[in-house]
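Note that ligands are numbered from 1 as they come in the structure, with each ligand's atoms numbered from 1 the same way.
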Amino acid sequence: MTDPATVTAPAAIRACTLARHPNGLPVAGDFAIVETPYNGLAPNQLLVKNEWFSVEAVLRRRLDPGDSPYLAPFSIGDTLDGWAVGRVVESRAAGFDVGSYVFHYHGWRDYGVLTAVEPSWTSPRVIPVDHVQKPEYFLGALGPSGLTSWAGLLLVGQLAENDVVYVSAAAGAIGGLAVQIAKLKGHRVVASVGSDEKAAFVVDVLGADAAFNYRTEGLTAGLARVAPDGIDLYFDNVGGEHLAAALEVLRPGGRVALCGAVSTYNTAEADQPGVKNLFKAIEQGLTLRGFLARMYHDRLPDMRADISAWLADGRLVYPENVVEGLDEAPGAFIGMLEGRNIGKTLVHL
Ligand SMILES: NC(=O)c1ccc[n+]([C@@H]2O[C@H](COP(=O)([O-])OP(=O)(O)OC[C@H]3O[C@@H](n4cnc5c(N)ncnc54)[C@H](OP(=O)(O)O)[C@@H]3O)[C@@H](O)[C@H]2O)c1
C-alpha cells in the first residue's frame, strides 16, 4: 500500500492507449503508452494515484469499431478504461479526502483525474479497506467479478435445490467464483477449462466435482463424462460452441445464465459460426437469460456480505494473476485472451 503522505501530484500522467484496432487476437503493437501533462484539478475533481486496475476479457470487444452503448468502442488514440482502485492525492471534491481509497473507472493509467458526480455505475466512490477487504478485492471478489458471479448464479440462473451446475472458463475471475459459490450452496459443479493444469486447479483448489480440458477432450465427450445425467444450470462465460454443447445436455426446465462469450471476442460478428441448436431450448423448455452485473447493482451489499464472510472464514479462495506496472498491462490482457491466466487478472502499480 502506498503511504499517501509520500505521494505528490505528478508532472505527467502515463496511460495505455489504443494505437490501432486489432485484427483477431491483439498484439503488443495495438497499444501504446503515452504521457500527458497534469495541469491540476478543476472544481469537483480529484486526483487518484492508482494502485491496482482490472484487466477484463470484455475489453476486447471495445477495441473494434462499433456502436454498443454498454461497450462503447475506443477510437485510435483513446486511453483505455476500466475498474481501478487508488488513493486520493489531491481533492477539490467534497467527500473525497486525501488518503482515502477510491473505486473508479479510470484504470489503464497511473493517475486518474476523476470528476465526482451523482452516483452511477461508474462514478468514483470511497471504499472501506481493512485486512480482509484488501483494496484489490474491490476489483474482483467484492466488486464487479463478485457481483457478476453471485448475481449470475443466484438471480439470473435462479440456482435451485439439486441443480447440477456447469461453469465454463472456470479457472478465470468470474468462473472461479461461480464454481465456488455454487459449491458453497451445496451443488454438484462441473467445469470446463483450457488446460489440464487448470482442470486440476478447479477441482483441487476451487472444489469442483469434476472438470475437463475442452481443448483435448472436446466439449461433447467432456460433458458426457462429467455430467452423464445432464445439467440444470449452465453459467456461460464462453458462448459459441460451449453454449451449443451445453444446450445438448441441459435437462428439461434447465437454465442458462448468459454472462459472456469470450470465444467470440476475437472474431468479427459476421464470421462467427453461431449457435445452431437453439431448438433444444424449445424442446426442453429452457430459459436463456443474458445479464450485465450492473443490472444488479442494488444487490452489491448482499453480495459483499456473502463473499466477505466466505473470504474471512477461508471457505472461498480468490486467486489473482498479478503483473507489475503499466507497461505489462497489454501483455496481461493478451495473455488472458489466450487463456494464460488463473484467477483474476490485475495490474499493480
Ligand atoms: N455479464 C457481465 O456483467 C460480465 C462482467 C464481467 C465479465 N463478463 C464475462 O465473463 C467472462 C469471463 O471474463 P473474465 O474477465 O473473468 O476473464 P477470465 O475468465 O479471467 O479470463 C478469460 C478466460 O477465457 C477463456 N477463453 C479465452 N478464449 C477462449 C475460447 N476461445 N474458448 C473458450 N474459452 C476461452 C480462457 O480460459 P481457458 O484457458 O479455460 O480457455 C481465459 O482464461 C467473459 O466472457 C466476460 O465477457 C461478463
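Using the six-membered ring where Trp is involved, F235 and F291 have ring planes that are perpendicular, over 60° apart on the 30 and 60° scheme. Taking the six-membered ring for Trp and thresholds of 30 and 60 degrees, F333 and W108 have ring planes more than 60 degrees apart, a perpendicular arrangement.
Below 4.0 Å from some heavy atom of F291 lie the following atoms of ligand 1, by number and element: 1 (N), 2 (C). Residue-ligand proximity, V193 to ligand 1, at heavy-atom distances under 4.0 Å covers atoms 40 (O). Heavy-atom proximity to G172, at under 4.0 Å, picks out these atoms of ligand 1: 18 (P), 19 (O), 20 (O).
Taking distance alone, with nitrogen or oxygen atoms compared against 3.5 Å, K198 approaches ligand 1 more closely than that limit. At least one N/O-N/O distance between N341 and ligand 1 falls below 3.5 Å. Checking only distances, V55 never comes within under 3.5 Å of ligand 1, N or O to N or O. For ligand 1, one of its N or O atoms has an N or O atom of G194 under 3.5 Å away.
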Q: Check step by step if salt bridge (charged side-chain N to carboxylate O under 4.0 Å, His left out) holds for R251 and D229.
A: CA-CA 8 Å; R251 295 197 276 233; D229 300 322; 5.3 Å; no

Q: Could you please spell out the steps behind the salt bridge (charged side-chain N to carboxylate O under 4.0 Å, His left out) verdict for K185 and D163?
A: CA-CA 10 Å; K185 297 281 179 185; D163 275 352; over 6 Å; no

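In this structure, the ring of Y137 has its center less than 6.0 angstrom from the ring center of Y318.
Note that CG of L346 and CD of E324 are 10.5 Å apart. Values are rounded to the nearest 0.5 Å.
For atom 10 (O) of ligand 1, the candidate residues are V202, N266, N237; the nearest heavy-atom contact is made by N237.
Residue contacts with ligand 1, taken as heavy atom pairs separated by less than 4.0 Å, do not involve T345 at all. With a 4.0 Å cut-off on non-hydrogen atoms, H242 touches ligand 1 through its side chain and not its backbone.
For C259, the closest heavy-atom approach to ligand 1 falls below 4.0 Å.
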